[in-house]
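Below is one structure; the comments refer to it alone.
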Amino acid sequence: MSGIYIHIPFCKQACHYCDFHFSTNMGKKEAMVLALIKELELRKEEFKDEVVETIYFGGGTPSVLNTAEIDQIIGAVYGNYTVVSAPEITLEANPDDLSKEKILELANSPINRLSIGIQSFFEEDLKLMNRAHNAQEAEACIAMAQVYFDNISIDLIYGIPGMTNERWISNIEKALDFGVPHISSYALTVEPKTALKTFIDKGLVPPVDDELAESHFHILVQKLSAAGFVNYEISNFGKPGYFSRNNTAYWQGKKYLGIGPSAHSYDRIRRGWNINNNAKYIKAIAQNELPMETEVLSKTDRYNEYVMTGLRTIWGVSLERIKTEFGQKFYAYLTQQAQKKIEDGLLYIENDRLLVSKKGKFLSDGIAADLFLVNLS
Ligand code: SF4
């Protein structure tokens, strides 16, 4: 089983914290759709032995596409790839695009899962982040989407400067009141070269407070666990039966094809990434060239990637897999490095799997980094 990720590199306006690849100039949208379809055709051989289980429209803002464009792209997937009978087809959507008409159109398309970029239900947070929607749209679009879609995820951001614990709790409670079955939630991070970084450097916005973010994370885990959500990946919470099939496949190391500018691909041997420039991407594809760079992953790279993704999930790192896939040297290194963390209560072993404890959860990326290898092969 494998997945196809399709990157839609357009947004109505730039969120202040964002470092994804997108353009606010929609002038090339039609040409981009044709290029995405052509890339799907050009790369079909890479997946000739694969069965596609998930299709994921990410961005950027995929909801800027009209449904005819979405249908054309999905048609190109079906026309060139073998697809399971009931694939998960997710569209990331922003509240300001989700009018009643648009939701109805999407409900009549093959899209069967919506991932809505709510981020916050509060005007102050939305303004600080320069989101294109307002608090009223955030609430209205969920209520309308729920009429037609059962499988809905919403994104929420915590650790926003000025966001008190009370406001964060209100955000979580609003999400719970809607009864959505999946929530993805991330700490606000300050990336280099973003407007947010500039504002913080100039003193116009207070810096992000890591302790506040950690406190928000613990509140999130506690409230969502109490409401029956499983924290199946550090930033993802799903009711049973509603875990993202796309993301789960990715965390479990399955193959994926990344289509569109800046999209990444992975085939268990190498990783590839498309050029992150819309004009150059369209031009290359028009000339039947794949504007992609690749790197072959060493055994050490694959080990590090597995430890990083494994520790972020409830499936942890299989010690048996480390032994059989990577060998005794890697196994010995991992168990030795993990020992101190186990003694500190940050990691534990259960059913031959290395897992992050409740205490270590917020720190899981740092813990994983301490278990990385630099040069064994
Ligand atoms: S909508 Fe998403 S991709 Fe676009 S600027 Fe905002 S965060 Fe970035």
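Computed from a prediction, not measured in an experiment: that's the story for all the values here. First listed ligand is number 1; within each ligand, the first listed atom is number 1.
- Ile342 meets the side chain to side chain contact (heavy atoms under 4.5 Å, CB included) test with Ala338, Gln339, Leu347, Ile349, Leu354; sequence neighbours excluded.
- Of the protein's heavy atoms, Asn94 ND2, 3.3 Å lies nearest to atom 1 (S) of ligand 1.
- Using a 4.0 Å cut-off between a side-chain N of Lys or Arg and a carboxylate O of Asp or Glu, Arg271 and Asp301 do not qualify as a salt bridge.
- Residues that satisfy the side chain to side chain contact (heavy atoms under 4.5 Å, CB included) test with Ser235, not counting sequence neighbours, are Tyr186, Glu233, Arg312.
- Aromatic pair His182/Tyr232: ring centres closer than 6.0 Å.
- Sorted by first and then second residue, the pairs that involve residues 64-89 and meet salt bridge (charged side-chain N to carboxylate O under 4.0 Å, His left out), not counting sequence neighbours, are Lys29-Glu69.
- Near Arg131, meaning under 4.0 Å from one of its heavy atoms, ligand 1 places the atoms 1 (S), 6 (Fe), 7 (S).
- Thr189 and Glu191 share a donor-acceptor pair across their side chains, judged by distance under 3.5 Å alone.
- If you check the side chains of Tyr148 and Asn108, you find no donor sitting under 3.5 Å from an acceptor.
- For atom 8 (Fe) of ligand 1, the neighbouring protein N/O/S atoms at less than 2.8 Å, given as residue and atom, are Cys18 SG.
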